[in-house]
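Structure record follows, encoded as structure tokens.
Start at 1 and go down the list; that is how both ligands and their atoms are numbered. What you are looking at is a predicted structure, and each value in this text was computed from that prediction instead of being measured.
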Amino acid sequence: MLTPDNAVHVPPAVHHIPADKVCGRAKDVIRRLQKAGYEAYLVGGCVRDLLLGLVPKDFDIATSAHPEEIRRLFNSCRLIGRRFRLAHIYYGRDYLEVATFRAPHDDSEDGGKVNDAGRIIHDNVYGTLEEDVWRRDFTINALFYDPISDELLDFVGGLDDLRNGKIRLLGNPEQRFREDPVRLLRAVRFAAKLNFEIEPATLACVRPMGILLEGVSSARLFDEIIKLLHSGCGWNTFRLLREYNLLEYLLPLTYESLEDDDTGNFERMITLSLQNTDQRLAEGKSVMPAFLYAVLLWHEVSVVAEELQARGMPELQAMTQASGDALHDQVDFTAVPRRYSNITREIWLLQSRFRYRDIRRATTLLTNPRFRAAYDFMCLRAEAGEPVDDDAEWWTAFQSATHEEREAMCKGAAIKGSLRRRKKRRKPTTASKSASPAS
Ligand code: ATP
Ligand code: MG
């Protein structure tokens, strides 16, 4: 068992955390907590990132003060969470999160805090600093930094792992993954983000334990998927998810589509899209979860829509049904909030509209609120090698043309062909099996 005495106290000359990179407000909060007699530290991702010379996303604070005690010290404090209470200290619309030290689960006696599968169901017992260390996931995320004394506390060899580029789960990897299978995804996320290696004992559990993700709530997996693919290293993360056999539990339709598509177009589309997303995030631009899902499920949607059309269903109806089925099937794995899935669906349904080139319809399409996303999506399809004829060039030129030029472009332009038939028929899916052309 750890005690404060067997923590390694790392002095500034060794850890080199740049004092000026520590958030001033976080330092003030910690100073105030310490003056009131509590222990308080920066913890988790911010300490890891400061040590690596990266800019932390946020500064999380861990303290021995209980939520009510924190609230008494800070006027602008709000307590959130029912089961597990956290303190948010507000500065206008920004806030700092302050969490009370928690103990790791204890399934020995009356605790009953893990279920039969070993998964944590209660995680709300306050604890000491030393206990709080053990409930964390990886050694590199279990470092505590006191910005007042400028001292780093390392109980678990986290600094060595950070220097050697290792992702190491604390404790027994099998038990820790079982407690919370989302840690599988977090291991991949940090490996991709930091370009670190998952150390062998941790890695040995990743492939065989992927199936545990089936037991995680789809809402939580949605949050994770956004963190995985929309944090700036989406492409690298996606490759690792595939390599470690986790994709099939997170995005089974995407996984099957990649197996099914022998043209390579779908894989190219994902690659280009994720690389473009990474680039946009690096430039501080916004990215859309709805667009991400439009890409990830596109192969499934377009193939099922073709099959329905081949059985006599009109194009728009086929697309509507295929879109609904794909989103419905995906929701069993990761939630897709309606505000996103509605946009995803619109992006898909607008694809066929790019073939209509009479002046009235084409100009109306330009004013559609989803035109931009649907146009970007169509360009992506073209770039990936899908047979969309000259749609991408035509619509690029059409947008910047004058009204007269637009009229000239439309004159004589016919409606282009419908969704191209692919040579290979795919295995029937749940969606295509239940689809009825007459409905
Ligand atoms: P990021 O930079 O992506 O925010 P982070 O390490 O700060 O990375 P958070 O999700 O913000 O990640 O979590 C903060 C800290 O809480 C982690 O560093 C880790 O110590 C702990 N933590 C988060 N999720 C888990 C988990 N599933 N199991 C154990 N500890 C966790
Ligand atoms: Mg964080």
Would you mind listing which atoms of ligand 1 come within a distance below 4.0 Å of any non-hydrogen atom of [X]?
X      : answer
Gly45  : 5 (P), 6 (O), 7 (O), 18 (O)
Phe190 : 6 (O), 8 (O)
Arg135 : 29 (C), 30 (N)
Asn141 : 6 (O), 18 (O), 19 (C), 20 (O)

Would you call [X]-[Y] a salt bridge at under 4.0 Å N-O?
X      : Y      : value
Arg168 : Glu199 : yes
Asp132 : Arg136 : yes
Asp376 : Arg372 : yes
Asp223 : Arg220 : no

Protein heavy atom at shortest distance from [atom]:
atom                    : value
atom 1 (P) of ligand 1  : Lys57 NZ, 3.4 Å
atom 2 (O) of ligand 1  : Arg48 NH2, 3.0 Å
atom 23 (C) of ligand 1 : Arg186 NH2, 3.1 Å
atom 28 (N) of ligand 1 : Arg183 NE, 2.8 Å
atom 3 (O) of ligand 1  : Arg189 NH1, 2.7 Å

Taking [atom] as the point of reference, which of [options] owns the nearest heavy atom?
atom                    : options                      : result
atom 14 (C) of ligand 1 : Asp60, Leu184, Leu194, Asp58 : Asp60
atom 18 (O) of ligand 1 : Cys46, Pro56, Ser231, Gly44  : Gly44
atom 19 (C) of ligand 1 : Asp180, Asp137, Leu185       : Asp137

Task: Tyr95 atom OH: more than 12 heavy-atom contacts under 6.0 Å - done: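 No.
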TODO: Over 60° means perpendicular and under 30° means parallel, so classify the ring planes of His299 and Phe266, tilted if in between.
DONE: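 Rings of Phe266 and His299: tilted, as their planes differ by 30° to 60°.
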TODO: Check the angle between the aromatic planes of Trp235 and Phe238 and answer parallel, tilted or perpendicular using the 30° and 60° thresholds.
DONE: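 Rings of Trp235 and Phe238: parallel, as their planes differ by under 30°.
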Task: Axial cation check for Phe59 ring with Arg25, 6.0 Å and 45° limits - done: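 Judged by the rule (NZ or CZ under 6.0 Å from the ring centre, within 45° of its axis), Arg25 is not positioned above Phe59.
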Open item on the list: Counting only heavy atoms closer than 4.0 Å, does ligand 1 sit against the backbone of Arg136, its side chain, both, or neither?
Closed with: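 It is both parts that get close, each with some atom under 4.0 Å.
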- [ ] Determine whether the side chain, the backbone, both or neither of Phe138 has a heavy atom under 4.0 Å from any heavy atom of ligand 1.
- [x]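 Neither; nothing of Phe138 gets under 4.0 Å from ligand 1.
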Open item on the list: With heavy-atom distances below 4.5 Å as the criterion, would you say the side chains of Trp395 and Leu366 are in contact?
Closed with: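 They are in contact (side-chain heavy atoms under 4.5 Å apart), so the answer is yes.
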Open item on the list: When you measure from the heavy atoms of Lys193 to every atom of ligand 1, does any distance fall below 4.0 Å?
Closed with: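 Contact check Lys193 vs ligand 1: positive.
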Open item on the list: Please confirm whether Arg176 approaches ligand 1 to less than 4.0 Å, judged on its heavy atoms.
Closed with: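 Contact check Arg176 vs ligand 1: negative.
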Open item on the list: Quick one: does any side-chain atom of Glu131 pair with a main-chain N or O of Thr128 as donor and acceptor, under 3.5 Å?
Closed with: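 At least one qualifying donor-acceptor pair exists.
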